[in-house]
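Working notes, structure below.
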Amino acid sequence: MKYWILKKYYEEKDGDFVIKQAFFSEPMRVPNEYRYDIKVEANKKITIHEIESGELGKFNGMKLDEALSGKAYPNVILLLESPHVDEYNICNGELKPIAPAQGKTGSNIKEYLGKVLSGIDVLDEGKYRLYIINPVPFQTSLRSLKPAGQIDGKLRDKVWKKLWGASCKNEFKELWDQIRETKLIINACTSNLKEEVEEAIKDMDVESYKTYHPSRWSKSPFGIKKSKI
């Protein structure tokens, strides 16, 4: 089987493909991000403005920890599940994290976020910040180590749940101690992992809705449903 030349992250033992710990180490973490300002007018018109202060990836943004250090508007949180191949660059045989929601996912968020928010219709008149968060901030699809083709969903889910249970779930909950004035959570995790995240946010006193993953927003209805919390 042909793999990309990223020997730092895997080895083959007795015919098995073994992922090294370096693949899930701190330098491989994709940072959560503040990306858009949202304005809701009295007539419910919603406009989305991309912030201008960052250069993390194709879609401008600011690392979440930097954004939280200053005064902010109330927040809207968009939850994905984990970064994939578009969220990393390959340089000299190493992977370099970029930012969450690049590629098609980032394009769809930019184009359809306003329509999704209009479909949810719970935000009062005012200004908000959109934060994009991966509950597991590492590449659980292993796509950068595998040949081109479809993502192995079963493998991704298995790796995601392993990391989620090991440390990421606790880190995710601790993150909410830093984020204040959240008005809306949009759980857009992939379907098989969505309920894991639902369980983690059930005790947060915040309006919460589920949608399809943004990679699907252009192809079907958004799948908007109120969370059963």
Side-chain angles (χ1 to χ4, degrees), residues 24-39 48-84 86-89 95-103 105-110 113-114 116-117 120 123 126-140 160 163-164 166-190 193-194 196-198 200-201 203-211 213-215:
F24 301 115
S25 63
E26 193 63 26
M28 294 288 286
R29 180 187 295 266
V30 172
N32 298 314
E33 185 182 77
Y34 156 43
R35 183 169 296 176
Y36 294 111
D37 288 324
I38 301 164
K39 182 179 180 181
I48 308 296
H49 301 281
E50 189 170 8
I51 68 170
E52 300 176 355
S53 57
E55 296 181 355
L56 294 180
K58 176 181 178 181
F59 300 97
N60 287 342
M62 180 187 297
K63 290 181 180 180
L64 182 61
D65 55 356
E66 296 175 5
L68 293 176
S69 64
K71 185 177 180 180
Y73 297 115
N75 311 311
V76 174
I77 307 297
L78 176 62
L79 299 176
L80 306 181
E81 80 278 340
S82 57
H84 299 307
D86 288 329
E87 284 70 62
Y88 293 84
N89 285 327
L95 287 167
K96 302 294 184 183
I98 306 172
Q102 299 298 301
T105 295
S107 296
N108 283 354
I109 292 171
K110 183 175 183 178
L113 176 63
V116 171
L117 292 173
I120 294 174
L123 295 179
K127 294 182 179 180
Y128 303 84
R129 283 183 164 187
L130 179 82
Y131 293 137
I132 301 176
I133 293 175
N134 279 304
V136 174
F138 303 101
Q139 190 188 110
T140 60
W160 190 97
L163 294 173
W164 179 246
S167 62
C168 291
K169 182 177 181 179
N170 287 337
E171 292 175 3
F172 177 74
K173 289 183 174 181
E174 290 171 0
L175 181 62
W176 294 97
D177 293 334
Q178 306 172 45
I179 299 177
R180 304 298 180 187
E181 294 190 61
T182 297
K183 299 301 181 182
L184 172 65
I185 298 173
I186 303 173
N187 180 358
C189 296
T190 302
L193 302 171
K194 194 181 298 290
E196 297 275 352
V197 177
E198 286 288 290
I201 64 177
D203 295 327
M204 300 169 187
D205 187 22
V206 179
E207 198 82 52
S208 179
Y209 282 75
K210 297 182 284 188
T211 74
H213 191 277
S215 62

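Position 1 is the first residue of the sequence; numbering continues from there. Values below: every heavy atom of this structure, side chains too, minus hydrogens, waters and symmetry copies.
Interatomic distance, CD1 of I77 versus CD1 of I132, reported as 10.0 Å (0.5 Å rounding). Atoms CG and CD, on N134 and E33 in that order, are 10.5 Å from each other to the nearest 0.5 Å. Rounded to the nearest 0.5 Å, atoms CD (Q178) and CG (L64) are 7.0 Å apart. The NE2 atom of H49 sits 13.0 Å away from atom CG of L130, with the distance rounded to the nearest 0.5 Å. Between the CD1 atom in I120 and the CD1 atom in I186 there is a gap of 4.0 Å [rounded to 0.5 Å]. Rounding to the nearest 0.5 Å places CZ of R29 at 12.5 Å from CZ of F24.
Side-chain atoms of N108 come within 3.5 Å of backbone atoms of P214 as a donor-acceptor pair (strictly under, hydrogens ignored). No donor-acceptor distance shorter than 3.5 angstrom exists from the side chain of E81 to the backbone of K194, with no hydrogens or angles considered. Of the possible polar contacts, none joining the R35 side chain to the G106 backbone as a donor-acceptor pair under 3.5 Å is found. Counting only distance, with no hydrogens or angles, the side chain of Y88 and the backbone of M28 share a donor-acceptor pair below 3.5 Å.
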_Could you go through N32 and L175, starting from their C-alpha distance and side-chain angles, then the distance that decides it, and tell me whether this counts as side chain to side chain contact (heavy atoms under 4.5 Å, CB included)?_
CA-CA 10 Å; N32 298 314; L175 181 62; 3.9 Å; yes

*Starting from the C-alpha separation in whole Å, work towards a yes-or-no answer on side chain to side chain contact (heavy atoms under 4.5 Å, CB included) for L184 and L117.*
CA-CA 10 Å; L184 172 65; L117 292 173; 3.8 Å; yes

*Decide side chain to side chain contact (heavy atoms under 4.5 Å, CB included) for D203 and W176; before the verdict, give the C-alpha distance in whole Å, the side-chain angles of both, and the deciding distance to 0.1 Å.*
CA-CA 11 Å; D203 295 327; W176 294 97; over 6 Å; no

*Taking it one step at a time, do E198 and C189 satisfy side chain to side chain contact (heavy atoms under 4.5 Å, CB included)?*
CA-CA 10 Å; E198 286 288 290; C189 296; over 6 Å; no

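Side-chain contact check for P135 versus C168: every heavy-atom pair is 4.5 Å or farther apart. Looking at I201 and V206, their side chains never come closer than 4.5 Å, going by heavy atoms from C-beta outward. With contacts defined as side-chain heavy-atom distances shorter than 4.5 Å, the pair I109/Y36 qualifies.
Heavy atoms only, all atoms of each residue included: L80 and H213 are closest at CD2-NE2, 4.3 Å. Across every non-hydrogen atom of S82 and T140, the tightest pair is OG-OG1, 2.8 Å.
Taking the six-membered ring where tryptophan is involved, the planes of Y34 and Y131 are perpendicular, since the angle between them exceeds 60° and thus also 30°. Taking the six-membered ring where the residue is Trp, W164 and F172 present tilted rings, their angle falling between 30° and 60°.
A side-chain contact (heavy atoms from CB on, under 4.5 Å) with D37 is found for one member of E50, K127, R129 and no other, namely R129.
At most 12 non-hydrogen atoms from other residues, nucleotides or ligands lie less than 6.0 angstrom from CG of D205. A 6.0 Å sphere centred on NZ of K39 holds no more than 12 heavy atoms belonging to other residues, nucleotides or ligands.
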